[in-house]
There are 2 protein chains.
Amino acid sequence: MAEILNLSTSTVSKSLLGHSDIGESTKNRVLELAKKMNYQPNLFGKGLRTQKTMSIGVIIPDITIHYSALILKGIIESAKGSGYRVIISESGHHHEDEKDAMNTLINSNVDGILLSIARESSTIDHILDASNFIPIVLFDKVSTKIPLTKIIDDDEFGADTAVQHLIDCGRTRIVLIREKCKTSNSENRYRGYARALTRAGIAIDEKFVRECDSMSIEDGYSVMEALLAEKVEFDGVFGATDNVAIGAIQAMKKNGINIPKDVSVIGFSNSKNSTIIEPNLSTMEQPGYNIGKYAVKYLLEEISEDSDISTNRTIELKTKLIIRDSSSL
Amino acid sequence: MAEILNLSTSTVSKSLLGHSDIGESTKNRVLELAKKMNYQPNLFGKGLRTQKTMSIGVIIPDITIHYSALILKGIIESAKGSGYRVIISESGHHHEDEKDAMNTLINSNVDGILLSIARESSTIDHILDASNFIPIVLFDKVSTKIPLTKIIDDDEFGADTAVQHLIDCGRTRIVLIREKCKTSNSENRYRGYARALTRAGIAIDEKFVRECDSMSIEDGYSVMEALLAEKVEFDGVFGATDNVAIGAIQAMKKNGINIPKDVSVIGFSNSKNSTIIEPNLSTMEQPGYNIGKYAVKYLLEEISEDSDISTNRTIELKTKLIIRDSSSL
DNA sequence: TTGTAAGCGTTATCAC
DNA sequence: GTGATAACGCTTACAA
């Protein structure tokens, strides 16, 4: 390109970068040719010089979870809008794979990392270590122990709203199906559950609080079967994910329990499934797409700030109550 | 690293790359230190020299479709196994966005591209053009007009199997709900439908063949409502996707039609939804994960072959009949 | 067996 | 206002 115009590479480079010390006419000549030949600067050369790749890495436990894919959509679109490329890796909920992915990404010279931590990740040293080298923003599955920017939905308030809705339906013996692993999501939803009950003057009875490993439909089903086998009497179910709520509904229906006449049920997520199960599942809509968007926004902010201060802040996005047939009176 | 060991950079480089002309002892010294300091070559330097990035780009219409995410999972895992990074972009089914994504990826110096074409992509010139520069493998949504490697499931055989199953259930007036847009998926599934009917000596009646735009649950619902409004008499429904089959089931249930007593229904995909709808949906399981795996395999093959021959071949992966309640007699 | 030097494409510094 | 030059980190002829 420089040769064609009989200019030095530096003049061309400066024109392209809009430096002020270039004559208008030459600058225009360069810009024009650049456009004509659809010139795109070589990213290796550029990267070698500037140490920036214009790419961010994402680590997520499982891409096939609909909610994860929704967040990813927000990430991809938002990154594209800012000219960033997105490299995606999966941890499969495994601690080692998460570490590997982290290393690979750092090694790929991504400018920043978006991380949703694996259930198994008991230790967080690898994250703390890495955050000294590279901006990291956590989203969805986070840990309060890590002093970084975190983008999540307002789990506690959401759970509170969900349980309050069941209470409004006249329910008082409300089962919570939560995740066994003490993730911050799980803790916060438990807190919301407890808060709503307490506010209504209902004592928290641990026999109503049930745990399961993977929060799958199958898990919800077996938790409910156990509950029924134990002849626990309840009139409401709050599934901390739509999946467990759906599994619970399937088990109750099989056992002749009428929903919502005998038991009101609400989930958490507003997954597609919630409008397919019968009765349609009331639920809390999670702002997945926006979590992705904000995650990118704050990450890019931290990338460009280029400061060494790792900001410890939590951004909570609103959930929304969606009432369907599983909880109406 | 070179300095620490008092060696030249070239000696170090050669040791790392395992060149034969390096003394065993120095080589080992280098390898040892490399391991100790967890040395990772700079990708810009390397890329600038070798023009390889060890990354592949993926363009997919919509990441939130469960089946797409499943393919993506196969792609990511398979790429990781070969040391490749995966850059993902979405076309949102738009032709222009697909073109943009293509350019961005090529511009990012990815070593190859995996493409699932957008519904809107009427013209294919951008793909043909690009395939001169860079290896491209098509998957899932492909076009027979493009002479490249294509990884798909055996839509025609799968559809044939599905319809044959309905025939085996004693059904003869079988509705097909297919995609309006003449993608090769849609065409092949239609062909399978026609083949099974013809083989059974049933004439193809176009009033049974219905089309819709986006193959959503809502689409399936309205197609079925139209069918019922027209008082078309049928006893079987083959939804070319699970979604339309589910929508059709919902519409039929609402109109008091008993499934599978009055009408047998089968879908295509084996999405999670198919076990939530009642009755559970019979369907053809698609090999999403493997499509992803094979797509990477063949792409890497073409990348390493480095030949200019763009191979025109189609790899078909098997679908599998899954019988559930929506079609049993 | 090891080292030297050139070059990949870009940008920043400094001299003209 | 423009251009020469060095440098980023790596690989590879070629020289020693």
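Quick caveat: nothing in here was measured; it's all calculated off a predicted structure. All values below were derived from every heavy atom in this structure, side-chain atoms included, with hydrogens, water molecules and symmetry-related copies excluded. A note on names: the letters A, B, ... follow the listed sequences, proteins ahead of strands, and every chain is numbered from 1.
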Whole-Å gap separating C1' (dG9(D)) and CZ (Phe44(B)): 11 Å
Side-chain N or O of Tyr39(B) closer than 4.0 Å to phosphate OP1/OP2 of dG9(D): no
Outermost DNA chain C nucleotides near chain B [under 4.0 Å, heavy atoms]: dT1(C) to dG9(C)
Tyr39(B)/Val12(B) under side chain to side chain contact (heavy atoms under 4.5 Å, CB included): CA gap, chis, key distance, verdict: CA-CA 12 Å; Tyr39(B) 168 83; Val12(B) 171; 6.0 Å; no
Length of the line joining Arg49(B):CZ and dC8(D):C1', which is rounded to integer Å: 15 Å
Where Thr53(B) and Ser108(B) come nearest, the two heavy atoms and their spacing: CG2-O, 4.1 Å
Minimum-distance pair of heavy atoms, taken over all atoms of Leu43(B) and Asn107(A): CD1-O, 3.4 Å
Rounded distance in Å - CG (Asn28(A)) to P (dT2(D)): 11 Å
N/O donor-acceptor pair, side chain Lys14(A) with base dG3(D), under 3.5 angstrom: yes
Considering all heavy atoms, the nearest Ile63(B)-Glu90(B) contact: N-OE2, 2.7 Å
Earlier contact from the 5' end, DNA chain C, for Thr26(B) and Pro41(A): Thr26(B)
Separation of atom NZ in Lys27(A) from atom P in dT2(D), rounded to whole Å: 11 Å
Difference in axis direction between the ends of the helix from dT1(C)-dA16(D) to dC16(C)-dG1(D), five pairs, 10°: 50°
Given DNA chain D, 5'-ward residue of the pair His19(B) and Leu48(B), judged by closest heavy atom: Leu48(B)
Polar pair under 3.5 Å, donor/acceptor by atom type, side chain Ser8(A), base dA4(D): no
Side chain to side chain contact (heavy atoms under 4.5 Å, CB included) evaluation trace for Asn312(A) with Lys150(A): CA-CA 8 Å; Asn312(A) 182 10; Lys150(A) 297 176 267 289; 3.1 Å; yes
Sugar-phosphate only, base, or nothing, as touched by Leu17(B) at under 4.0 Å among non-hydrogen atoms: sugar-phosphate
Residue mapping more 5' on DNA chain D - nearest nucleotide basis, Gly45(B) or Thr11(B): Gly45(B)
Short side-chain N/O contact from Ser13(B) to OP1 or OP2 of dT11(D), under 4.0 Å: yes
Criterion side-chain hydrogen bond (donor to acceptor under 3.5 Å, both in side chains) on Ser186(A) and Thr183(A), from CA distance to verdict: CA-CA 5 Å; Ser186(A) 174; Thr183(A) 60; 4.6 Å; no
Gap between atoms CG and P, on Asn109(A) and dG9(D) respectively (whole Å): 10 Å
Atom-pair distance (CD on Gln51(B); P on dT12(D)), nearest Å: 12 Å
Nearest heavy atoms of Ala118(A) and His94(A), plus distance in Å: CB-N, 3.9 Å
More than 12 heavy atoms of other groups within 6.0 Å of Lys318(B) NZ: no
Distance-minimising heavy-atom pair for Pro287(B) and Asp153(B): CD-CB, 3.7 Å
